[in-house]
Novice: 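Before I ask anything, let me first share the structure, which is written out below as structure tokens.
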Amino acid sequence: MHPALQGIITILVGVGGCVGYFYLSNQFLDKVLCPPRGKNAGRNINRANIIRPWLFLLPAILALSIYLAYPVIETLRLSLTKRSTLPDGSTAYAWAGLDNYRQMMKEPKFWEALKNNAMWLAVVPALATGFGLLAAQLTDRLKWGNIAKSLIFMPMAISFVGAAVIFKLVYDMRPIEQEQIGILNALYLNFGGEAPIAWLTTPFWNSFLLMAVLVWIQTGFAMVILSAALRGIPEETIEAAIVDGANPFQVFFKIKVPQIKGTIMVVWTTITIVVLKVFDIVFAMTNGQWETQVLANYMYDKLFRSNDWGVGSASAMVIMLLVTPILVWNVRNARREME
Amino acid sequence: MANLKMTGIAKSYGDVSVLEDINLEIKTGELIVFVGPSGCGKSTLLRMVAGLEKITAGELEIDGVVVNNIPPAERGIAMVFQSYALYPHMTVRENMSFALKLAKKSKEEIEAAVSKVAKILQLEDYLDRLPKALSGGQRQRVAIGRSIVRNPKVYLFDEPLSNLDAALRVATRIEIAQLKESMPESTMIYVTHDQVEAMTLATRIVVLANKGIAQVGTPLELYERPENEFVARFIGSPAMNLWPGEVVATGAQTKVQLADGCEALSNVPTTEADMGLKVKVGVRPEDLRATEGTPVFTGKVDFTELLGELTQIYFDATAGEHVIAKLPGIVHGLRGQNIRLAANPEKVHLFADGRSLLYR
Ligand SMILES: Nc1ncnc2c1ncn2[C@@H]1O[C@H](COP(=O)(O)OP(=O)(O)OP(=O)(O)O)[C@@H](O)[C@H]1O
Ligand SMILES: [Mg+2]
């Protein structure tokens with residue numbers, strides 16, 4: 001069967017299955033289990049309303065426990081064991097305590113990854129949120145703002161790998177005697193650069209070139225959320241500020257931004273989590289060479305290239321430990337926003 | 001301290017004209033109330049004065065200076081919004097000092113101004129609270145305080161009391177009246193839907209309708225001598241009763257023949273030329289009295305409302321709107337009866353083509 005056809009069928013079955021499940025289970029609840037009729041009608045309605053949320057949550061809870069809770073526990077176990085292949089071809093696991101973690105700490109690549117992740121954390125959420133906020137504010141005031149918005153949002157629809165490939169072309173280098181197909185080198189030469197630069201293999205700055213890809217993608221996300229938040233600000237508070245004598249900058253920074261601070265934090269932390277997990281971009285563009293390693297790619301290296309399940313799982317645990325507090329805080333914030 | 005002058009002011013949104021040719025002079029110390037049906041452009045006019053809305057045509061002067069193109073902050077105005085528009089992320093103190101901070105006033109100056117106003121408005125205990133921790137009435141006072149702190153030349157209020165409950169409304173209305181008294185030099189423009197607010201607060205009322213000013217005058221002028229049918233029906237509640245008729249006798253007093261053998265005598269003077277003129281006779285519900293003689297109106301009572309101080313009676317509405325009369329005190333057993341009503345000639349208004357004969 002043609003893969004596209006296969007894809008479409010999968011989508012249909014999946015979506016149809018979901019709709020069917022929700023519809024039928026809801027019908028079952030209302031018609032069979034707790035019909036709002038007879039002498040217990042009132043009690044039945046109350047019961048149905050108590051059961052309904054669980055009914056609807058059930059698939060998600062099941063999926064989450066199979067695909068999230070179980071892997072976490074299994075990873076934790078793997079990170080504490082040593083896996084070896086016996087001569088007869090079978091695998092054996094031996095309790096290793098914190099050995100895997102100790103070994104990881106001794107590896108310079110791990111520390112490089114940690115340092116780079118920290119750098120990503122400092123740069124990407126700030127830039128993406130900042131640009132997103134700027135774009136949200138500016139596009140709201142333009143006639144063709146919606147078109148601009150769609151353009152800025154578009155990268156969100158591109159997979160990280162796709163974006164990485166696009167930017168690999170942007171950073172591409174050809175020998176000086178050839179035409180440059182990478183726009184960065186083309187510009188560089190045009191503005192007086194002597195020789196094309198192999199951007200991605202130039203340590204330190206190459207990390208920032210990778211970050212640019214994620215910023216490019218996440219700005220759209222930040223913009224959409226923040227633009228909605230900006231629209232939610234009561235117009236009268238802005239007018240009151242104008243009457244009070246605030247100039248546009250003061251209106252923006254002293255009236256608008258503080259009022260959407262909660263949303264800004266949610267966007268910021270959401271992007272922070274994406275950054276902590278960043279893998280595809282680094283994998284596709286440099287694969288962690290030239291000092292661009294990040295934790296997720298390090299984990300992949302260990303787990304699937306070196307087949308070192310112990311250290312690989314240990315690094316996965318490190319990523320999870322870093323993400324969790326931010327995630328908790330993010331969810332709390334989002335909840336508070338909704339109140 | 002400010003005189004305001006509007007000359008030929010108009011406003012349109014694209015092709016849609018909202019206000020046309022507004023001419024109005026407001027003197028220092030006046031409290032002008034804009035009233036009018038919903039959507040007639042009261043807020044729009046107020047916002048044009050504030051500078052939040054561009055003036056499409058005409059000139060707006062404040063103290064002799066044309067301010068059409070002067071930004072709001074430099075017009076010397078302060079505005080109190082219907083929703084209060086407090087800055088939710090600032091404490092009461094910060095809310096009140098925001099404008100002064102922007103104006104780069106010294107710390108001491110700001111502190112002094114804020115605490116003075118807080119004292120007047122009894123907000124001292126709430127200065128460090130956020131708006132969300134205040135009641136509606138307190139928020140309202142903060143909004144007013146925020147405008148007073150700046151010591152503006154002109155205060156603009158857009159339905160400031162409409163979000164308050166009835167009791168608080170009355171209390172705050174009185175506070176505003178007292179505030180106005182304590183600042184006799186300040187000029188205020190006040191938009192409201194509420195008749196009582198308009199009647200009690202205004203030095204002059206501006207009735208807006210049909211894209212223009214229907215009448216400007218003191219509350220009593222508007223009540224006693226409405227210029228046209230619109231104002232006659234808009235001011236006063238329930239609205240004035242109107243009956244079509246024909247002038248049959250002219251002079252210092254005018255006699256109008258009405259349907260059903262009723263007739264009305266009015267103190268509005270007319271001339272010979274008015275004989276046979278088709279007019280509308282207007283009498284307010286509170287000016288109608290039961291009579292044995294020739295009535296201006298007679299009909300069957302549809303239902304009654306006993307309000308204690310008075311009894312409101314509604315007549316058969318088969319021929320259009322209910323005719324309404326207010327009789328003093330409590331009157332029982334009127335329902336279903338035929339009643340004859342008369343009115344003092346002094347209180348009988350005459351309109352031709354929608355305009356009062358008084359203003360010809
Ligand atoms: N941005 C706009 N574009 C087009 N028409 C508008 C706009 N703003 C207001 N209008 C129209 O202008 C008219 C006057 O509006 P305005 O808000 O001044 O009425 P209002 O008298 O304050 O009414 P209300 O008593 O309900 O507050 C309305 O008919 C409204 O539809
Ligand atoms: Mg309005």
Novice: Take atom NZ of B:Lys116 as the centre, draw a 6.0 Å sphere, and report whether it contains more than 12 heavy atoms from other residues, nucleotides or ligands.
Specialist: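 Result for NZ/B:Lys116: open.
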Novice: Given a strict heavy-atom distance threshold of 4.5 Å, which part of A:Gln250 is in contact with chain B: side chain, backbone, both, or neither?
Specialist: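 Only the side chain of A:Gln250 comes within 4.5 Å of chain B.
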Novice: Would the distance check show the side chain of B:His89 and the main-chain N or O of A:Lys254 forming a donor-acceptor pair, the cut-off being under 3.5 Å?
Specialist: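 Yes.
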Novice: Considering only heavy atoms, which portion of B:Arg75 lies under 4.5 Å from any heavy atom of chain A: side chain, backbone, both, or neither?
Specialist: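 Neither part.
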Novice: Could you look at B:Ile77 and say if it's the side chain, the backbone, both or neither that has a heavy atom under 4.5 Å from chain A?
Specialist: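 Contact with chain A involves both backbone and side-chain atoms of B:Ile77.
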Novice: Has B:Tyr87 got a side-chain atom pairing as donor or acceptor with A:Ala241's backbone, closer than 3.5 angstrom?
Specialist: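 Yes; judged by distance alone, with no hydrogens or angles, the pair exists.
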Novice: Keeping A:Glu236 on the side-chain end and B:Ser83 on the backbone end, is there a donor-acceptor pair under 3.5 Å?
Specialist: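 Yes, A:Glu236 side chain to B:Ser83 backbone: donor-acceptor pair under 3.5 Å.
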Novice: With a 4.5 angstrom heavy-atom cut-off, which part of B:Leu156 approaches chain A: side chain, backbone, both or neither?
Specialist: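 When you check distances to chain A, no heavy atom of B:Leu156 falls under 4.5 Å.
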Novice: Does a sphere of radius 6.0 Å around CZ in A:Phe208 hold more than 12 heavy atoms from other residues, nucleotides or ligands, not counting ones at 6.0 Å or beyond?
Specialist: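 Yes - once you tally the heavy atoms of other residues, nucleotides and ligands closer than 6.0 Å, there are more than 12.
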Novice: Measure the shortest side-chain to side-chain distance between A:Thr237 and B:Phe81 over non-hydrogen atoms and say whether it is less than 4.5 angstrom.
Specialist: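 SC-SC contact between A:Thr237 and B:Phe81 ruled out.
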Novice: Tell me whether A:Ile147 at atom CD1 has more than 12 heavy atoms from other residues, nucleotides or ligands lying less than 6.0 Å away.
Specialist: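 Not buried by this count: 12 neighbours or fewer within 6.0 Å.
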Novice: For B:Ala73 and A:Gly245, which heavy atoms make the closest approach, and how far apart are they?
Specialist: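 Closest pair (atom of B:Ala73, atom of A:Gly245, distance): CB-CA, 3.1 Å.
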Novice: For atom NZ of A:Lys277, is the number of surrounding heavy atoms from other residues, nucleotides or ligands below 6.0 Å larger than 12?
Specialist: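 Open: at most 12 neighbouring heavy atoms sit under 6.0 Å from NZ of A:Lys277.
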Novice: Flag the pair B:Met79 / A:Ile242 as yes when at least one side-chain heavy-atom distance between them is below 4.5 Å, and no otherwise.
Specialist: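 In short, these two side chains do not touch, never coming nearer than 4.5 Å.
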Novice: Counting heavy-atom pairs closer than 4.5 Å to chain A, which one of B:Ser147, B:Pro88, B:Ala143, B:Ala50 comes out on top?
Specialist: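 Result: the option with the highest number of such pairs is B:Pro88.
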Novice: Based on non-hydrogen pairs under 4.5 Å, which of B:Ala99, B:Gly51, B:Pro71 is most in contact with chain A?
Specialist: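 Heavy-atom pair counts peak at B:Ala99.
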Novice: Quick one: does B:Leu52's side chain get under 4.5 Å of A:Val243's, heavy atoms only?
Specialist: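 A side-chain contact exists here, since the closest heavy-atom pair is under 4.5 Å.
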Novice: Drop me the distance from A:Asp244's CG to B:Arg146's CZ, to the nearest 0.5 angstrom.
Specialist: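 Atom-to-atom, A:Asp244:CG and B:Arg146:CZ are 5.5 Å apart.
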